[in-house]
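Keep in mind the model is a prediction, meaning the values are calculated, not measured. Sequential numbering from 1 along the given sequence is applied to the chain's residues.
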Amino acid sequence: MFDRALNALLKRPLTAVATHLVRQGWSANQLTWIGFALGLLALPLIALGHPLWALAAMALNRLADGLDGTVARLTRPTDRGAFLDITLDFLFYASIPLAFALANPAANALPAVVLIYSFVGTAGSFLAFAVLAAKRQISSEAYPSKGLYYLGGLTESVETMAVFTLMCLAPGWFAPLAYGFAALCALTTVTRIVAGIRTFRPD
C-alpha cells in the first residue's frame with residue numbers, strides 16, 4: 001500500500017548510489033543475488049535466537065532490492081533480472097515465518113504455516129495477474145518502470161517488512177502478528193482476484 005510513496009521518496013538517494021555502482025562495474029543481477037544471500041542470513045539468526053541481528057540482514061536485503069532495480073534502469077533492464085528479482089523476493093519473505101517456526105515450533109509453527117499460506121495467495125494472484133496482463137499487453141500506470149505488471153494491495157513490501165520488524169523486536173508476539181498480517185494478506189488476495197475477474201473479461 002505504501003510502496004509507491006516510499007519508492008518516490010528513495011528515488012534520488014538510490015539513483016546516486018546506483019550510479020556509483022554502475023561506474024564500478026556492478027550489475028543488477030549481482031545485487032539481486034547478494035541481497036538474497038544477505039536476506040537469508042535472517043533465517044538462521046532468528047532460528048538461533050538472535051532476531052535483532054536478523055533485522056540488519058533484512059535491512060541489507062531491502063537496500064539491495066532497491067538498488068538492483070535502479071541499476072537495471074540505469075543500464076539495461078532484462079526479463080531475467082525481473083524474474084530473479086520477484087522469485088528471490090518471495091523466497092526471502094517466506095523464510096522469515098519459517099525462521100520463527102524453527103525458533104519455537106510449539107508456539108510458532110501453526111501461525112507460521114498460516115502466514116506462509118497467505119503469502120501463497122498474495123504471490124499467486126500477483127503473478128497470475130502479471131502473466132495475463134503481459135499477454136494482453138496491459139501496462140501498469142502506477143509502476144511503469146517495473147519488469148512485470150505490479151498489482152498493488154494492502155500488503156506490499158513496506159507493510160511486510162514493518163511486520164517482520166515488529167516480530168523481531170517482540171518475538172513473543174509472533175503468533176498474533178502472524179495471524180493479523182495473514183488476514184490482511186487474505187484481503188489483498190481477494191482484491192486481486194476481483195481485479196483479475198474485472199480486468200480479464202472474455203473478449
Participant: Output the distance between atom CZ (Phe90) and atom CG (Leu127), rounded to the nearest 0.5 Å.
Facilitator: 4.5 Å
Participant: Pairs of donor and acceptor atoms involving the side chains of residues 32-47, under 3.5 Å and at least two apart or interchain, shall be tabulated with distances.
Facilitator:
from  : atom 1 : to    : atom 2 : distance (Å)
Thr32 : OG1    : Ala28 : O      : 3.0
Thr32 : OG1    : Asp68 : OD2    : 2.7

Participant: Just wondering, do Met58 and Phe92 contact through their side chains at under 4.5 Å, heavy atoms?
Facilitator: yes
Participant: Could you work out the complete set of other residues in the hydrophobic cluster of Tyr117, with links drawn between I, L, V, M, F, W and Y side chains under 4.5 Å apart?
Facilitator: none
Participant: Going by the side chain to side chain donor-acceptor pair (under 3.5 Å) test, which pairs reach into residues 50-63, not counting sequence neighbours?
Facilitator: Arg62-Asp65, Arg62-Asp89, Arg62-Tyr93, Arg62-Ser157
Participant: Sequence neighbours left out, what passes side-chain contact (heavy atoms from CB on, under 4.5 Å) with Val22? Give chain and number order.
Facilitator: Val71, Leu74, Thr75
Participant: Calculate, to the nearest 0.5 Å, the distance between atoms CD and CD belonging to Glu156 and Glu159 respectively.
Facilitator: 5.5 Å
Participant: Can you tell me how far the CD1 atom of Ile116 sits from the CD1 atom of Ile96, to the nearest 0.5 Å?
Facilitator: 10.0 Å
Participant: For the atom pair CG (Asp79) and CG (Leu84), what is the distance rounded to the nearest 0.5 Å?
Facilitator: 11.0 Å
Participant: Do Leu55 and Leu48 belong together in a cluster built from hydrophobic side chains that touch within less than 4.5 Å?
Facilitator: no
Participant: Side-chain atoms of residues 103-114: list all donor-acceptor pairs with protein atoms under 3.5 Å, sequence neighbours left out, distances to 0.1 Å.
Facilitator:
from   : atom 1 : to     : atom 2 : distance (Å)
Asn104 : OD1    : Ala107 : N      : 3.3
Asn108 : ND2    : Phe100 : O      : 3.0

Participant: Under a single-linkage rule joining Ile, Leu, Val, Met, Phe, Trp and Tyr whose side-chain heavy atoms are separated by less than 4.5 Å, which residues share a cluster with Val120?
Facilitator: none
Participant: Is there a donor-acceptor pair closer than 3.5 Å between any side-chain N or O of Thr122 and the backbone N or O of Thr189?
Facilitator: no
Participant: Is there a donor-acceptor pair closer than 3.5 Å between any side-chain N or O of Thr199 and the backbone N or O of Gly196?
Facilitator: no
Participant: Is Leu88 reachable from Phe83 through a run of I, L, V, M, F, W or Y residues, each pair having side-chain heavy atoms under 4.5 Å apart?
Facilitator: yes
Participant: Can you see which heavy atom on Ser118 is nearest to which on Leu115, and at what distance?
Facilitator: OG-O, 2.6 Å
Participant: Residues two or more places apart in sequence or in another chain: which of them pass side-chain contact (heavy atoms from CB on, under 4.5 Å) with Arg198?
Facilitator: Val194, Arg201
Participant: Only pairs under 3.5 Å count here: list side-chain donor-acceptor contacts from residues 164-186, not counting sequence neighbours, and write none if there are none.
Facilitator:
from   : atom 1 : to     : atom 2 : distance (Å)
Thr165 : OG1    : Met161 : O      : 2.8

Participant: What residues form a side chain to side chain donor-acceptor pair (under 3.5 Å) with Thr188, not counting sequence neighbours?
Facilitator: Thr155
Participant: Minimum heavy-atom separation for Pro97 and Phe119, please, with both atom names.
Facilitator: CG-CE1, 4.0 Å
